[in-house]
Amino acid sequence: MGLQLGWRRDQARWPHHALFFAVCLGTGLSLALSLAGGLRGLALAPALVLLLTMPRTRPGGAGHWQRALLVAIAYGVGAWASW
């Protein structure tokens with residue numbers, strides 16, 4: 001968050017990107033594993049789609065944090081629904 005708000009401009013942005021790729025990979029793996037147990041796993045698909053469209057938003061812009069908030073909500077609802 002500090003990088004997005006401009007508090008730490010001198011720091012590298014690679015941890016932010018590494019976390020993004022880890023979350024994408026984890027969500028895809030969770031989706032695949034839950035689909036193996038039934039169609040309830042499709043509830044995680046909207047979160048994965050939103051995650052994969054995140055690079056289309058401009059970092060630092062309103063669309064970036066709004067998309068991240070939508071991802072968090074979709075992930076929470078999808079995890080609850082596929083439980």
Side-chain angles (χ1 to χ4, degrees):
M1 185 167 125
L3 288 173
Q4 290 297 328
L5 295 175
W7 297 339
R8 300 172 54 187
R9 289 266 181 222
D10 58 337
Q11 299 293 323
R13 292 185 179 257
W14 72 265
H16 186 79
H17 295 125
L19 180 63
F20 170 75
F21 288 118
V23 170
C24 284
L25 185 64
T27 304
L29 184 60
S30 296
L31 177 64
L33 290 174
S34 62
L35 277 176
L39 289 179
R40 288 188 340 180
L42 281 177
L44 288 173
L48 185 60
V49 169
L50 285 169
L51 271 171
L52 294 177
T53 62
M54 181 68 85
R56 294 181 116 347
T57 62
R58 190 174 51 94
H64 198 70
W65 70 264
Q66 290 168 350
R67 180 77 47 93
L69 185 61
L70 283 174
V71 168
I73 292 169
Y75 193 85
V77 170
W80 179 76
S82 64
W83 187 270

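Owing to the predicted nature of the structure, the values given are computational and were not obtained by experimental measurement. Each residue takes its place number in the sequence, starting with 1.
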Listed once per pair and sorted, the side chain to side chain donor-acceptor pair (under 3.5 Å) pairs that draw on residues 67-79, sequence neighbours left out:
Thr53-Arg67
Hydrophobic side-chain clustering at under 4.5 Å (ILVMFWY, transitive links): who's grouped with Leu33? Put none if nobody.
Leu29
For residues 23-40, which residue pairs pass the side chain to side chain donor-acceptor pair (under 3.5 Å) check, not counting sequence neighbours?
none
Ignoring hydrogens, what is the shortest heavy-atom contact between Leu42 and Leu31? Give both atom names and the distance.
CA-CD1, 4.2 Å
Partner residues of Ala22 under the side-chain contact (heavy atoms from CB on, under 4.5 Å) criterion, sequence neighbours left out
none
Residues which pass side-chain contact (heavy atoms from CB on, under 4.5 Å) with Leu52, listed by chain and number, not counting sequence neighbours:
Cys24, Leu48
Give me the other members of the hydrophobic cluster that Met54 sits in, counting Ile, Leu, Val, Met, Phe, Trp and Tyr linked by side-chain heavy atoms under 4.5 Å, directly or via other members.
Leu19, Phe20, Phe21, Val23, Leu50, Leu51, Leu70, Val71
Please find the pair of heavy atoms, one from Ala43 and one from Ala81, that lie closest to each other, and give the distance.
CB-CB, 3.7 Å
Which atom pair, heavy atoms only, marks the closest approach of Leu44 to Gly78?
CD2-C, 3.7 Å
